[in-house]
Number of protein chains: 2
Amino acid sequence: MDPLSTPARLRRRATWLLGQSSNQGHRLISERMHTAGVANRSYYSLLAALSEVGATSQADLGRRVGLDRSDVTAVVTDLEAKGYLERTADPADRRRNLVRITVEGEKFLVLLDAEVGAAQEDLLSPLSPQEREQLIGMLVRIVEHHTGLRLSDTTER
Amino acid sequence: MDPLSTPARLRRRATWLLGQSSNQGHRLISERMHTAGVANRSYYSLLAALSEVGATSQADLGRRVGLDRSDVTAVVTDLEAKGYLERTADPADRRRNLVRITVEGEKFLVLLDAEVGAAQEDLLSPLSPQEREQLIGMLVRIVEHHTGLRLSDTTER
DNA sequence: AACGAAACGTTGGTGAGACCAACGATAACC
DNA sequence: GGTTATCGTTGGTCTCACCAACGTTTCGTT
């Protein structure tokens with residue numbers, strides 16, 4: 001019996017293919033995040049945002065990475081316990097917690113970054129370098145169109 | 001204050017872009033499924049598989065669309081109540097339920113198909129027709145590579 | 001023919017992720 | 001100065017994917 005093929009109506013639908021590809025990508029990332037010692041990819045997102053933007057509030061972090069404030073609380077608590085960030089009351093605005101990444105946090109981020117990069121390599125392995133650029137370019141346009149986000153490298157520093 | 005940009009480390013990652021695009025696609029599909037009167041896209045998948053393959057068992061359906069047997073039970077029960085399929089004991093194998101799509105089911109599938117097609121159009125609107133073909137082709141290769149599925153149009157009827 | 005292994009549909013449950021509501025505390029607005 | 005808004009936190013809900021177990025039925029091997 002043949003591998004029980006997916007309905008033809010689905011096989012070439014962009015939404016279905018994007019879902020499948022996205023699942024594969026997330027599976028690859030999750031595996032590597034777990035072996036690196038964190039539960040999911042929000043840990044990576046938060047550390048990345050923190051390293052990029054410097055000390056900031058939890059609410060600001062959440063907005064940047066698309067996480068709810070309540071979920072930010074949990075991840076930040078965990079990252080603080082692991083010593084990867086510091087959480088102090090903001091003297092300038094006592095509603096806020098000032099969160100800043102630690103030296104160990106930066107080191108850990110470098111590690112996670114390598115894992116995430118390797119996962120990209122795995123996922124896109126069937127594509128040539130030019131194709132990968134094409135794919136990413138088209139996805140950027142789709143995401144920009146539907147979210148209003150500006151993702152282009154206006155200043156890549 | 002600028003729109004609080006996503007961390008640069010994420011913005012051009014294929015996994016992140018695929019996740020965002022996939023979410024947009026699923027959002028568009030979900031909206032249309034809801035207004036069409038079904039809860040989620042498994043209704044569409046199951047009807048599509050059923051129309052394509054003819055009468056078959058629930059377990060077979062589940063394997064084709066990637067649904068757990070328990071979840072198939074729920075959706076099939078609902079679709080039967082709506083009159084879109086019939087579920088009878090298989091005389092040749094009394095463990096099985098023989099499920100077959102009804103005339104109303106076929107009509108409903110045509111409707112859902114149009115909705116799903118329109119969602120593709122929405123999602124891919126920033127891309128030219130050639131680009132859409134390129135995108136789909138690359139995604140097909142990624143999915144085939146990571147799942148072992150064969151999605152190519154070996155026989156497009 | 002018999003017996004263990006496997007597949008079927010169903011029920012009930014688990015875990016993760018995204019989201020929402022409300023709270024007390026604090027700041028911003030007019 | 002009084003209302004409105006934002007902050008972090010707690011404690012939910014909902015959906016999805018998945019797993020476990022069950023009684024029933026069939027298959028495979030001897």
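Lettering follows sequence order; numbering is per chain, from 1.
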Just the rounded figure in Å: distance from P of D:dT9 to CZ of A:Arg96.
14 Å
For the pair made of CG in B:Asp78 and P in D:dC16, what is the distance, rounded to whole Å?
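Atom CG in B:Asp78 sits about 13 Å away from atom P in D:dC16.
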Sub-4.5 Å side-chain heavy-atom contact between [X] and [Y]:
X        : Y        : answer
B:Gln120 : B:Val116 : yes
A:Ile29  : A:Tyr44  : no
B:Leu61  : B:Leu67  : no

Side-chain N or O of [X] closer than 4.0 Å to phosphate OP1/OP2 of [N]:
X       : N      : answer
A:Arg27 : D:dA17 : no
B:Gln58 : C:dA7  : no
B:Arg63 : C:dC8  : yes
A:Thr73 : D:dG8  : no
B:Asn97 : C:dT10 : yes

Can you list the steps and then say if B:Arg150 with B:Glu144 is a salt bridge (charged side-chain N to carboxylate O under 4.0 Å, His left out)?
CA-CA 6 Å; B:Arg150 191 107 298 272; B:Glu144 286 183 339; 3.6 Å; yes
Given the rule that I, L, V, M, F, W and Y join up when any side-chain heavy atoms are under 4.5 Å apart, are A:Leu149 and A:Leu139 in one cluster?
yes
Heavy atoms under 4.0 Å is the rule here; annotate nucleotides 15-27 of chain C 5' to 3' with B where the base is hit, S where only the sugar-phosphate is, and - elsewhere.
--S-BB-B---BS
B:Ser70: which residues meet the side-chain hydrogen bond (donor to acceptor under 3.5 Å, both in side chains) condition with it, sequence neighbours left out?
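With sequence neighbours excluded, B:Ser70 shows a side-chain hydrogen bond (donor to acceptor under 3.5 Å, both in side chains) to B:Asp68, given in chain and number order.
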